[in-house]
Amino acid sequence: RLRADVEQAIAAAAGPREQVTAGFHAYFSFLAADRASFRVLFAQAGRIDDEFAAETARTETMMAELIAALIEIEGLGRREREAVAYAIVGLAERAGHHWVSSDHPIEPARLAELMASLAWAGLRGERPR
């Protein structure tokens, strides 16, 4: 469901910047609407079970593949786009962990905006040499 929500949001977005923002909004909306699923999917304790760890890894891989396909930075090869995509997945996941474990001081929409701005700045910042 998480991947479907993110894919749908990205597909409806008008351009690259909007895709980044829409993806984060979908991710954090999922988290806010279904904290229990987020905890189960991304809890470190849940990764002890090999089968569940494999499912979590598949989810992370699917999200990274979706993101990597959207990265269009001149000079980046497939493996570099993949590495950047995994970093973005990690950014969202860790911010989500913090949000779930805190008293939710930031609204999910604001958290999505902050993370999208950070990711966009990185994606459009310094170019490879």
Side-chain angles (χ1 to χ4, degrees):
R1 199 176 90 222
L2 174 60
R3 180 185 169 112
D5 289 355
V6 172
E7 283 179 329
Q8 184 177 26
I10 289 171
R17 175 66 170 107
E18 292 80 11
Q19 288 175 316
V20 170
T21 302
F24 277 105
H25 272 278
Y27 185 89
F28 289 111
S29 292
F30 172 86
L31 184 151
D34 197 349
R35 291 181 196 138
S37 290
F38 179 84
R39 283 185 182 113
V40 168
L41 185 60
F42 293 111
Q44 295 297 326
R47 295 181 186 195
I48 293 170
D49 175 82
D50 289 341
E51 184 178 345
F52 193 79
E55 186 60 34
T56 300
R58 276 192 294 277
T59 300
E60 290 171 340
T61 297
M62 287 187 298
M63 296 300 292
E65 288 171 351
L66 177 65
I67 293 165
L70 299 172
I71 297 172
E72 296 179 7
I73 300 175
E74 188 177 327
L76 286 187
R78 181 185 62 81
R79 293 207 183 266
E80 293 162 320
R81 286 192 311 276
E82 183 180 275
V84 170
Y86 272 98
I88 293 170
V89 169
L91 172 75
E93 185 179 333
R94 293 310 310 159
H97 277 288
H98 174 71
W99 189 84
V100 166
S101 66
S102 70
D103 60 356
H104 318 332
I106 302 172
E107 290 297 316
R110 177 66 179 142
L111 182 57
E113 290 291 331
L114 290 169
M115 296 302 106
S117 292
L118 177 62
W120 184 254
L123 289 171
R124 296 297 167 232
E126 185 176 334
R127 300 289 189 248
R129 295 180 187 163

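What you see below is based on every heavy atom in this structure, not just the backbone, and it leaves out hydrogens, waters and symmetry mates. Numbers here are sequence positions counted from 1. Everything quoted here is computed from the prediction, not taken from an experiment.
- Residue Tyr27 is grouped with residue Leu70 when hydrophobic side chains (ILVMFWY) are merged at heavy-atom distances under 4.5 angstrom, including chains of intermediate members.
- Smallest separation of non-hydrogen atoms from Ala26 and Ala9: CB-CB, 3.8 Å.
- Note that CG of Leu111 and CG of Leu31 are 8.0 Å apart. Values are rounded to the nearest 0.5 Å.
- Take Gln8 and apply the side-chain hydrogen bond (donor to acceptor under 3.5 Å, both in side chains) test, not counting sequence neighbours, and it matches no residue.
- Contact check for Glu60 versus Glu93: side-chain heavy atoms found under the 4.5 Å cut-off.
- Applying the salt bridge (Lys or Arg N to Asp or Glu O under 4.0 Å) test to every pair with at least one member in residues 82-92, sequence neighbours left out, gives these pairs: Arg78-Glu82.
- When the side chains of ILVMFWY residues are joined at heavy-atom separations under 4.5 Å, either directly or via intervening members, Leu91 and Met62 end up in two distinct hydrophobic clusters.
- Using a 4.5 Å cut-off on side-chain heavy atoms (C-beta onward), Glu80 and Val84 make no contact.
- One distance of note links CD1 of Ile10 with CG of Leu66; it measures 4.5 Å at 0.5 Å rounding.
- Listed here is the closest heavy atom pair of Val6 and Met63: CG2-CE, 3.6 Å.
- With a 4.5 Å cut-off on side-chain heavy atoms, Phe24 and Leu118 do not count as touching.
- Taking both residues in full, the closest heavy atoms of Ala68 and Ala85 are given as N-CB, 3.6 Å, listed atom of the first, atom of the second, then distance.
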Set out, in order, the CA-CA distance, both residues' side-chain angles and the distance that settles side chain to side chain contact (heavy atoms under 4.5 Å, CB included) for Tyr86 and Thr61, then state yes or no.
CA-CA 8 Å; Tyr86 272 98; Thr61 297; 2.9 Å; yes
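- Among residue pairs with one or both ends in residues 3-28, those qualifying as salt bridge (Lys or Arg N to Asp or Glu O under 4.0 Å) are Arg3-Glu7; sequence neighbours excluded.
- We find the NE2-OG distance between His25 and Ser29 to be 7.5 Å, quoted to the nearest 0.5 Å.
- Note: Glu113 CD to Arg110 CZ = 7.5 Å, rounded to the nearest 0.5 Å.
- Residues Val100 and Leu2 share a single hydrophobic cluster, defined by chaining ILVMFWY side chains whose heavy atoms lie under 4.5 Å apart.
- A 4.5 Å side-chain heavy-atom check between Phe28 and Met115 finds at least one atom pair inside the cut-off.
- In this structure, the side chain of Trp99 does not engage the main chain of Pro108 through any donor-acceptor pair within 3.5 Å.
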